[in-house]
Amino acid sequence: EDEQIVAEIMGRRFFPDLVAYKTWEGFHFAGHEIRITEATDCYGAVVWPSALVLCYFLETNTKQWNLVDKNVIEIGAGTGLVSIVASLLGAFVTATDLPELLGNLQYNVLQNTKQKCKHQPCVKELSWRIDLEKNFPRSSCHFDYIMAADVVYHHPFLDELLLTFDHLCKNDTVILWAMKFRLENENRFVDRFQTLFDLEMISYFPSLNIALYKAIRKGRMKA
């Protein structure tokens, strides 16, 4: 079953027949052909398999996870694939990442969502932990969903990432987070994450070593 589903997920990716001026990859999600421009010199500007897993989940679980008119923020959006798919599924999306990635992110989001979405997504700078209250004030920013794909890897900003999750997550916010396990860093972060959030694994793909989690703030009343 794992291999069958993984083959379906990876089958959503296609490549240009001819060499193009800009390097891009194509994907089929939410009834659209999505073309993503990448930059191979930066981790944040490449589509990683966790993003495909999350996109596939969103597309194939629309009854349980209806995104229409929901307010969604993606942290570490990278190339923007998850944000684009969420937008095509009807959400109002804020795609965020580091300032040096915003140009490529904005380009991808605009090229793939213009006149195709109910709500035009926006792109915004978010450096984890930096100016959170200024840029995303708790009093006025409310997100139904926080989405993240492969934001935990070998980098020194895990404390900042956890604080960012904590700041953005209200009592009724749901976090959908796809992660590939590579090093011990991932396991340690999951342990720390669970001090603040109730974590539930909703899918796991052994052949990819990718888990998809749902999380809510600890102490929240469960339906």
Side-chain angles (χ1 to χ4, degrees), residues 3 5-62 67 72-127 145-155 176-180 182 203 205 207-210 212:
E3 291 180 359
I5 297 175
V6 167
E8 167 65 17
I9 294 172
M10 295 306 165
R12 300 301 184 92
R13 169 185 265 155
F14 66 94
F15 299 92
D17 294 327
L18 301 173
V19 176
Y21 171 69
K22 290 187 176 181
T23 302
W24 63 269
E25 287 186 73
F27 303 89
H28 292 290
F29 285 111
H32 290 269
E33 180 181 293
I34 301 168
R35 293 191 179 192
I36 296 294
T37 299
E38 299 183 326
T40 56
D41 60 343
C42 180
Y43 282 127
V46 176
V47 177
W48 299 101
S50 291
L52 274 68
V53 167
L54 183 49
C55 289
Y56 181 82
F57 175 82
L58 296 175
E59 182 193 66
T60 56
N61 291 273
T62 54
L67 296 184
V72 172
I73 186 169
E74 185 187 4
I75 62 174
T79 61
L81 181 61
V82 172
S83 288
I84 291 164
V85 171
S87 298
L88 292 171
L89 292 172
F92 181 83
V93 177
T94 302
T96 71
D97 215 313
L98 297 169
E100 58 266 30
L101 298 174
L102 294 188
N104 189 59
L105 176 58
Q106 178 72 62
Y107 175 82
N108 284 328
V109 167
L110 185 61
Q111 292 296 310
N112 290 287
T113 62
K114 190 175 182 180
Q115 298 182 335
K116 298 178 183 178
C117 297
K118 184 176 183 180
H119 308 288
Q120 185 61 37
C122 68
V123 172
K124 192 169 181 178
E125 177 185 342
L126 174 53
S127 300
Y145 293 98
I146 299 171
M147 295 187 185
D150 252 353
V151 292
V152 179
Y153 48 92
H154 188 59
H155 63 70
L176 292 175
W177 166 28
M179 181 173 73
K180 181 178 180 67
R182 301 180 182 87
S203 290
F205 301 98
S207 61
L208 296 174
N209 204 19
I210 291 175
L212 178 60

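Note that these values count all heavy atoms, side chains included, but never hydrogens, waters or copies made by symmetry.
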| task | Evaluate side-chain contact (heavy atoms from CB on, under 4.5 Å) for Leu88 paired with Lys116, printing each intermediate quantity in order. | result | CA-CA 7 Å; Leu88 292 171; Lys116 298 178 183 178; 3.9 Å; yes
| Is there a side-chain contact (heavy atoms from CB on, under 4.5 Å) between Val6 and Phe205 once you walk through the steps? | CA-CA 7 Å; Val6 167; Phe205 301 98; 3.8 Å; yes
| query | Yes or no on side-chain contact (heavy atoms from CB on, under 4.5 Å) for Thr96 and Leu105, after CA distance, side-chain angles and deciding distance? | reply | CA-CA 9 Å; Thr96 71; Leu105 176 58; over 6 Å; no
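The shortest side-chain heavy-atom distance between Leu54 and Leu212 falls under the 4.5 Å cut-off. Residues Cys55 and Arg12 fail the side-chain proximity criterion, which asks for heavy atoms closer than 4.5 Å. Put simply, the side chain of Val47 reaches to within 4.5 Å of the side chain of Glu38, judged on heavy atoms. Within the 4.5 Å cutoff, no side-chain heavy atoms of Phe29 are placed close to those of Leu58. A 4.5 Å side-chain heavy-atom check between Val109 and Ile84 finds at least one atom pair inside the cut-off. Between Ile146 and Leu176, the closest side-chain pair of non-hydrogen atoms is not below 4.5 Å. You'll find the side chain of Gln106 stays beyond 4.5 Å of the side chain of Leu101, heavy atoms only. Contact check for Val85 versus Phe27: no side-chain heavy atoms found under the 4.5 Å cut-off.
Every side-chain contact (heavy atoms from CB on, under 4.5 Å) that Glu33 has, sequence neighbours left out, goes to Phe14, His28, Arg35. Checked against side-chain contact (heavy atoms from CB on, under 4.5 Å), Ser127 has the following partners two or more places apart in sequence or in another chain: Leu98, Pro99, Glu125, Ile130.
In this structure, the separation between SG on Cys117 and CZ on Phe92 is 11.5 Å, given to the nearest 0.5 Å. The structure places NE2 of His119 at 12.0 Å from OG1 of Thr94, a figure rounded to the nearest 0.5 Å. From Leu208, atom CG reaches atom NZ of Lys180 across 6.0 Å, with rounding to the nearest 0.5 Å. The line from CD of Glu25 to CD1 of Ile34 is 12.5 Å long, rounded to the nearest 0.5 Å. Rounded to the nearest 0.5 angstrom, Leu89 CG and Leu67 CG are separated by 5.5 Å. In this structure, CH2 on Trp177 lies 9.5 Å from CD1 on Ile75, to the nearest 0.5 angstrom.
In this structure, Ser50 and Ala178 approach most closely via the heavy-atom pair O-CB, 3.5 Å. Of all heavy-atom pairs between Phe57 and Asn61, the closest is O-ND2, 2.9 Å. Residues Asp97 and Gly76 come closest through the heavy atom pair OD2-C, 3.2 Å. Of all heavy-atom pairs between Gly31 and Glu59, the closest is N-OE2, 4.1 Å.
At distances below 3.5 Å, at least one donor-acceptor pair connects side-chain atoms of Asn108 with backbone N or O atoms of Thr79.
The side-chain contact (heavy atoms from CB on, under 4.5 Å) test with Ile210 is passed by exactly one of Leu52, Val53, Asp150: Val53.
A side-chain donor from one of Thr113 and Gln120 sits under 3.5 Å from a side-chain acceptor of the other.
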